[in-house]
Amino acid sequence: MNNFATQILLTQLKTAHTAIEQTMEGVTDEVAHFMPPGKANPIAGTYAHLVFTEDFFIHDFLMKTEPLMTTTFKDKTGASEAHPTDWQEAYPKWLKKVKLDIDQFSKYAKAVFAASEEHIATLTDADLEKNIDMSSFGMGNRKASDFIANLISGHVYPIMGEISVLKGIQGLKGYPF
């Protein structure tokens, strides 16, 4: 590792990845596709959003490469369809209809998490200070360190809470602790 800031960000990310993987324990295809009442989304859509977003954000914005979903895992993510780029119309519908083969999607998620951790471990102070243009998502410019801490690691915890609640209403243990 290159510096203390990188160590902190990497530890934060590894902890988040471990927590979401533990939260997903016991989630079967049936549990993942349970349609909750009201406006809540099923675990499948929520979890797919988390993993697809990390894959895209880390590879496209930080690494400047194609994401795993279009390379190594093309047609092998375990998702019935890719995450839409239209956030207004398609995305809310996709959350409710995407189907996951949980075992296959878990392999994809582990690969995404490993790629993210591997890349972040290489970052220098100068890398962490670079601006990332997130204006296409309505977020302006973000420092790479903020991008990693909040849009990658920080994204895991609210998703983990949603999944925990959805497991709980199905009679399963939610949080792993």
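We use all heavy atoms of the structure for the numbers below, so side chains are in, but hydrogens, waters and symmetry mates are not.
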**Item:** Between NE2 on residue His119 and CG on residue Asp127, distance to nearest 0.5 Å
**Value:** 7.0 Å
**Asked** How long is the span from the CD1 atom in Ile120 to the CD1 atom in Ile148, to the nearest 0.5 Å?
**Response** 4.0 Å
**Request:** Looking only at non-hydrogen atoms, find the nearest pair between Lys96 and Lys39 and report the distance.
**Result:** NZ-O, 3.4 Å
**Request:** Ignoring hydrogens and angles, tell me if any N or O in the side chain of Thr77 forms a donor-acceptor pair with the backbone of Phe73 under 3.5 Å.
**Result:** no
**Message:** Rounded at 0.5 Å granularity, tell me how far NZ in Lys143 sits from CG in Asn131.
**Reply:** 4.5 Å
**Prompt:** Between Thr6 (side chain) and Leu123 (backbone), is there a donor-acceptor pair under 3.5 Å?
**Reply:** yes
**Item:** Minimum heavy-atom distance Phe113-Glu21, with the two atoms named
**Value:** CD1-OE2, 3.6 Å
**Request:** Give a yes or no on whether Met139 and Leu62 share a hydrophobic cluster (residues Ile, Leu, Val, Met, Phe, Trp, Tyr; joining criterion: side-chain heavy atoms under 4.5 Å apart).
**Result:** yes
**Asked** Rounded to the nearest 0.5 Å, how far does NZ of Lys107 lie from NZ of Lys76?
**Response** 10.5 Å
**Request:** Using modelled atom types only, decide if a donor and an acceptor are shared between the side chain of Lys99 and the backbone of Gly78 within a distance under 3.5 Å.
**Result:** no
**Request:** First locate atom CG of Leu10, then atom CD of Glu117, and finally report the distance between them rounded to the nearest 0.5 Å.
**Result:** 6.0 Å
**Prompt:** When you measure from the side chain of Thr11 to the backbone N and O of Gln7, does any donor-acceptor pair fall under 3.5 Å?
**Reply:** yes
**Item:** Minimum heavy-atom distance between Asn41 and Pro36, given as atom pair plus value
**Value:** O-CG, 3.7 Å
**Item:** Sole candidate of His155, His17, His59 that passes side-chain hydrogen bond (donor to acceptor under 3.5 Å, both in side chains) when paired with Glu54
**Value:** His17
**Message:** Would you compute the distance between atom CZ of Phe57 and atom CD1 of Ile132 and round it to the nearest 0.5 angstrom?
**Reply:** 10.0 Å
**Asked** So, the side chain of Thr70 versus the backbone of Pro67: is there a donor-acceptor pair under 3.5 Å, distance only?
**Response** yes
**Minimum heavy-atom distance Ile102-Asp29, with the two atoms named** = N-OD1, 2.8 Å
Let me have the donor-acceptor pairs involving side chains of residues 164-177, under 3.5 Å, with sequence neighbours excluded, atom names and distances please.
| residue | atom | partner | partner atom | Å |
| --- | --- | --- | --- | --- |
| Ser164 | OG | Met160 | O | 2.9 |
| Ser164 | OG | Tyr175 | N | 3.2 |
| Lys167 | NZ | Thr23 | O | 2.7 |
| Lys167 | NZ | Glu25 | O | 2.7 |
| Lys167 | NZ | Lys173 | O | 3.0 |
| Gln170 | NE2 | Val31 | O | 3.2 |
| Gln170 | NE2 | Leu166 | O | 3.0 |
| Lys173 | NZ | Pro176 | O | 3.4 |

**Prompt:** Do you know the tightest heavy-atom contact between Ala48 and Trp94?
**Reply:** CB-CH2, 3.7 Å
**Donor-acceptor contact below 3.5 Å, side chain Asp55 vs main chain Leu68** = yes
**Prompt:** Are the side chain of His33 and the backbone of Leu100 linked by a donor-acceptor contact shorter than 3.5 Å?
**Reply:** yes
**Heavy-atom pair with the smallest gap, counting every atom of Leu9 and Ser153** = O-OG, 4.4 Å
**Request:** With sequence neighbours excluded, tell me which residues meet side chain to side chain contact (heavy atoms under 4.5 Å, CB included) with Asp60.
**Result:** Phe56
**Request:** Flag yes if more than 12 heavy atoms outside Glu118 fall under 6.0 Å of its CD atom; otherwise flag no.
**Result:** no
**Prompt:** Are side-chain heavy atoms of Thr15 and Val156 found at a separation under 4.5 Å?
**Reply:** no
**Message:** Using the ring pair (Phe, Tyr, Trp, His ring centres under 6.0 Å) definition, which of the options Tyr47, Phe105, Tyr91 pairs with Phe52?
**Reply:** Phe105
